[in-house]
Amino acid sequence: MIHVKNLCKKYSSFEALKDISFDVEKGEVVGFLGPNGAGKTTTMRILTGYLPMTSGKVEIDGLDVYEESLKVRSKIGYLPETTPLYMDMTVKEYVSYIAELKKISKEERKEQVKKAMNDCGVGHIKDKLIKTLSKGFKQRVGIAQALVGNPEVLILDEPTIGLDPNQIVEIRNLIKDLGKEKTVILSTHILQEVSATCNKVIIISEGKIVAIDSPENLTSRLSGGMRVDITVKGPESEIRTCLEGLDAIKEVKEAGQEGGIATLRVFAKEGQDPREVIASAVVRNGWGLKEMRREAVNLEEIFMKLTKDDKKS
Amino acid sequence: MNIFAIMKRELKAYFYSPIAYVVFALFLLLAGYFFSMILLLSKEASMRAAMYNFVITLLFFAPLITMRLFAEERKTGTLEVLMTRPVRDIEVVLGKFFAALSLYALMLASTLVYVGVLVKYGNPDMGPIWSGYLGLFLLGACFIALGIFASTLTESQIIAAVVGFAFMLLFWVIGWLSGTLGFSTESIFTYISLSSHFDDFVRGIIDFRAVIYYLSFVVFFLFVTVKSIEVRKWK
């Protein structure tokens, strides 16, 4: 669906994108992940035809974004980073205006606008002025605007930035729903976001792609074995020696001790699940097992690892 | 079709904000003052002197009409949404141009009340009045094209207004350079000047060359405007 090959972008002397290539299949939800200034917005602006590339090739649905910009633009719904909206229009007026610019015929427009507004949950406030809406609803109007006219590809630049936790969850669910029918590319620098919504992650740092994979694969590829955090009532050093003696366990690190309660982080050997052995070992020795939690390797660590490796090489 | 959609939105946007009302009301206040003072002093059933004063008023008001057209959208980022829709750059420029021009035409049309007063109580020569209005309309179109261009240069509406005003004034008075530079520059600067072409209209002469000049002035600056919003692509 989206085919990016050897994409480079230079702003006078600054190289924002250095030879980026990736593919997105139809129906995928792809997370574009990277720190601020990594080149996410630049990539999206090139995909949407707002900026031209310095070199390379981008095709969307078989059409070159530079040569056939107008045709490509009509296949894309785009929400820029800051959610720019016309504050003095009502929700309905604004979405209809964008629908008109997308050349949706007058007969279809009413229906399409209504559908986009309802899908994004702003149907009930359609006659309110945009400037009076909360940030979360403004974001929804922005997505409704991108969605109207049923484009095949949705490109959303930092769709959850600046929202409160409830709104973030709502927008993520909305994106997940949309991803069932459409190809979605979203950018973010929040790592939970991609694991929550995407089935493919592209990690980008300083204009280069450092990893492309599914969130699960990335986690297992880079995390090594399973990690378990336990809290046990008992003598800390004895517990450690005991656990280190177990077969499935590679390493035990002390995480803290307070009033006879020890907190330990246990690293298992690759492919092993040490939880049952730990539990029975603790019980056998008569210590009190207060808590045991499997600690997932989060994308933050993966991200830091990837970008650090990249800098070394 | 897109031109029309953009024009409609821009025209509405003038009335969403107080800009249109303020510009309208104050323009009419000043135009009415000029008209009645000139009429009382000269006791002449003509719009000639009043029209020159309309132009001076217009010099101040046209930048206020055009300043927001691109500067505001650049500042709020809505330009990015607009330019990534299946819309040609030229359609955006024309849509905005026609919106500002319609607002101006509306302002101009409301001064026809003064002509009504002249017709009711006097016996004015209608020829110079109609040609004068045509001249005002064309001149306004030139000012608006200049103002839109100025609006693409910056994110700040204030700067857009100041730059627009300076351009308009410069093109209004550039004819003064004629003959002052010592070599044969007379015809060039007189020709470039917006004011030298305006005189004929007010006198009741519709010179085709003047009409062509104004129209090509508009086309040229709209072209430069399109190029100016494409500048983002060259960086």
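Here is how names work: the chains are called A, B, and so on, in the same order as the sequence lines, proteins then strands, and each is numbered from 1. Model, not experiment: these values are computed from the prediction.
With chain B as partner, the option from A/P80, A/P84, A/S74 having the largest number of non-hydrogen pairs under 4.5 angstrom is A/P84. Ranked by non-hydrogen atom pairs under 4.5 Å with chain B, the options A/G149, A/P52, A/S69, A/G77 are led by A/P52.
Inspection of the B/E73 and B/T78 side chains reveals an N or O donor paired with an N or O acceptor under 3.5 Å. Checked by atom type, the side-chain pair B/S193/B/S195 shows a donor-acceptor distance below 3.5 Å.
Other residues, nucleotides and ligands contribute more than 12 heavy atoms inside 6.0 Å of the OH atom of B/Y52. Around the NZ atom of A/K18, the shell of radius 6.0 Å holds more than 12 heavy atoms that belong to other residues, nucleotides or ligands.
Between A/L147 and A/K182 the shortest side-chain heavy-atom distance falls below 4.5 Å. With contacts defined as side-chain heavy-atom distances shorter than 4.5 Å, the pair B/F4/B/N2 does not qualify. In this structure, A/H3 and A/V58 have side chains that are not in contact, with every pair of non-hydrogen atoms separated by 4.5 Å or more.
For residues 37-48 of chain A, heavy-atom neighbours of chain B at less than 4.5 Å comprise A/R45, A/T48, sorted by residue number. Along residues 91-99 of chain A, the residues that come nearer than 4.5 angstrom to chain B, judged on non-hydrogen atoms, are A/E93, A/Y94, A/Y97, A/I98 in order of number.
A search for salt bridge (Lys or Arg N to Asp or Glu O under 4.0 Å) contacts involving A/K57 returns A/E59, A/D64, not counting sequence neighbours.
For A/L79, no part lies near chain B; criterion is any non-hydrogen pair under 4.5 Å. Within the 4.5 angstrom heavy-atom criterion, no atom of A/L129 approaches chain B. Heavy-atom distances place the backbone of B/T76, and not its side chain, under 4.5 Å from chain A. Neither the backbone nor the side chain of B/E72 comes within contact range of chain A; no heavy atoms are under 4.5 Å apart.
The shortest heavy-atom contact between B/F70 and B/S151 is N-OG, 2.8 Å.
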Check residues 137-146 of chain A and write down every donor-acceptor pair under 3.5 Å in which the side-chain atom is one partner and the other belongs to a residue at least two apart or another chain.
residue : atom : partner : partner atom : Å
A/Q139  : OE1  : A/T83   : OG1          : 3.0
A/Q139  : NE2  : A/T83   : OG1          : 3.3
A/Q139  : NE2  : A/P159  : O            : 2.7
A/R140  : NH1  : A/C120  : O            : 2.7
A/R140  : NH2  : A/E170  : OE1          : 2.9
A/Q145  : NE2  : A/G142  : O            : 2.9

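No close placement of the B/F167 and B/F221 rings is indicated, their centers lying 6.0 Å or farther apart.
Ring-plane geometry between B/F54 and B/Y114 is classed as tilted, the angle between the planes lying from 30 to 60 degrees on a 0 to 90 degree scale.
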